[in-house]
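Take a look at the structure below.
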Protein chains: 2
Amino acid sequence: MGITKSEIFTDHQNEIALFAKVLGHPARVAILQHLFKINACVCGDLVDEIGLAQPTISQHLKELKQLGLIKGTIEGTSVCYCIDTKNWSEMKRLMKLFLDQDLTNTNCC
Amino acid sequence: MGITKSEIFTDHQNEIALFAKVLGHPARVAILQHLFKINACVCGDLVDEIGLAQPTISQHLKELKQLGLIKGTIEGTSVCYCIDTKNWSEMKRLMKLFLDQDLTNTNCC
DNA sequence: TTATATTATTGCAATATTACGATAAATAGA
DNA sequence: TCTATTTATCGTAATATTGCAATAATATAA
């Protein structure tokens with residue numbers, strides 16, 4: 001098979017999984033970290049920065065864009081990418097809600 | 001190919017990606033949520049709870065166990081699973097460090 | 001227009017993931 | 001011992017992901 005049965009889970013569960021999945025590759029983690037570090041648009045230098053082929057980077061950027069975590073603006077012959085702060089904050093809120101579930105009462109083995 | 005080039009990324013980036021990846025499936029999100037909700041060991045009822053076949057659940061549990069997020073204790077004929085609070089907290093710390101990168105100075109398109 | 005630069009898309013190969021039936025393994029109880 | 005119960009493992013099929021070479025698309029500059 002290889003196909004996730006999304007339909008048997010809640011929207012909330014699927015949303016968390018989708019965001020986690022896009023963060024689940026070191027290249028995308030590295031791209032996001034670089035965008036945060038630069039704290040501005042990045043045009044072009046991501047390929048040199050990360051160390052994967054240009055089509056591969058382009059594909060990872062596409063996935064990040066599809067989830068809304070970054071946005072790209074055409075600037076001459078190049079495209080400038082940066083964090084979409086609004087969507088990033090919303091993703092963060094959702095992930096933290098999941099991560100912060102109560103551990104204190106865990107009555108367990 | 002299909003193989004992630006982990007060697008070109010930092011340990012930190014790979015670690016974040018690994019944790020995010022294991023959270024990147026709704027079944028595993030649902031399993032973890034159930035364990036938090038019950039707030040105790042869960043023996044057996046996960047298959048009924050989630051709605052996937054027993055071998056599939058077993059496989060997802062294995063992945064969560066490998067990352068250390070849950071632990072299982074043999075209890076008679078069944079196995080009781082619960083959140084590994086120590087490792088969960090460490091994972092949470094790491095993920096939050098990544099999620100909480102500074103957005104305030106974003107000077108961007 | 002032509003050349004250059006930059007990014008996106010296509011096509012493909014290799015590997016990984018998801019899911020489940022069949023079956024094995026382990027333990028408890030009759 | 002035999003049976004029932006529960007979980008793990010194996011094998012396999014379907015699909016997804018990763019990565020890159022080749023190429024297309026787009027815009028700027030000469």
Side-chain angles (χ1 to χ4, degrees), chain A residues 1-9 13-14 17-32 34-35 41-67 70-82 109, chain B residues 1-9 13-14 17-32 34-35 41-67 70-82 109:
Chain A
M1 310 207 164
I3 187 167
T4 297
K5 286 193 162 180
S6 309
E7 69 278 7
I8 69 173
F9 303 104
Q13 288 164 343
N14 282 313
L18 277 179
F19 279 125
K21 196 173 176 182
V22 86
L23 301 180
H25 192 289
R28 293 190 288 267
V29 170
I31 288 170
L32 292 166
H34 187 65
L35 292 180
C41 288
V42 157
C43 308
D45 59 337
L46 275 169
V47 174
D48 301 327
E49 184 66 30
I50 308 293
L52 291 169
Q54 180 268 323
T56 310
I57 298 294
S58 189
Q59 195 177 306
H60 285 304
L61 288 169
K62 192 178 172 185
E63 285 173 72
L64 290 168
K65 217 173 0 177
Q66 262 164 3
L67 265 276
I70 64 172
K71 52 186 175 183
T73 313
I74 298 172
E75 193 109 352
T77 63
S78 61
V79 178
C80 294
Y81 284 102
C82 63
C109 37
Chain B
M1 310 207 165
I3 190 168
T4 298
K5 287 192 164 179
S6 309
E7 70 276 8
I8 68 172
F9 303 105
Q13 288 163 344
N14 282 314
L18 276 178
F19 279 126
K21 197 173 175 181
V22 86
L23 301 180
H25 192 289
R28 293 191 288 267
V29 170
I31 288 171
L32 292 166
H34 187 65
L35 291 179
C41 289
V42 156
C43 309
D45 59 336
L46 275 168
V47 174
D48 301 327
E49 185 66 29
I50 309 293
L52 291 168
Q54 181 268 323
T56 309
I57 298 293
S58 189
Q59 197 176 306
H60 284 305
L61 288 169
K62 192 178 174 184
E63 287 173 69
L64 289 167
K65 217 174 356 178
Q66 264 165 0
L67 267 275
I70 64 172
K71 53 186 175 184
T73 313
I74 298 171
E75 192 108 352
T77 62
S78 61
V79 179
C80 294
Y81 285 103
C82 62
C109 38

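Lettering follows sequence order; numbering is per chain, from 1.
Residue A/Ile57 contributes atom CD1, which lies 13 Å from atom P of D/dA21 at whole-angstrom precision. Between the CD1 atom of B/Ile31 and the P atom of C/dA19 there is a distance of 10 Å, rounded to whole Å. Separating the CD1 atom of A/Ile50 from the P atom of D/dC20 is a distance of 13 Å, rounded to the nearest angstrom. Remark: P of D/dT5 and CG of B/Leu46 are 20 Å apart, rounded to the nearest angstrom. Atom-to-atom, NZ of A/Lys5 to P of D/dA16 comes out at 15 Å; the value is rounded to the nearest Å.
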Quiz item: Yes or no on side chain to side chain contact (heavy atoms under 4.5 Å, CB included) for B/Val79 and B/Thr73, after CA distance, side-chain angles and deciding distance?
Solution: CA-CA 5 Å; B/Val79 179; B/Thr73 313; 5.9 Å; no
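Within a 6.0 Å radius of CD1 in A/Ile74, no more than 12 heavy atoms belonging to other residues, nucleotides or ligands are found.
At the phosphate of C/dA19, OP1 or OP2 sits under 4.0 Å from a side-chain N or O atom of B/His25. Between B/Lys21 and C/dT17 there is a side-chain polar atom (N or O) within less than 4.0 angstrom of OP1 or OP2.
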Quiz prompt | Base versus backbone protein contacts along nucleotides 5-11 of chain C [heavy-atom cut-off under 4.0 Å; B, S, -] | solution = -BBBB--
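Annotation: of the two residues near DNA chain C, A/Ser6 and B/Ile3, the 5′-most nearest-nucleotide partner is B/Ile3.
B/Leu52 comes within 4.0 angstrom of the backbone, heavy atoms only, and of no base.
Side-chain contact between B/Ile50 and B/Thr56 is absent, with no heavy-atom pair separated by less than 4.5 Å.
Taking CZ of B/Phe9 as the reference point, atom CG of A/Leu52 lies at 4.5 Å (rounded to 0.5 Å).
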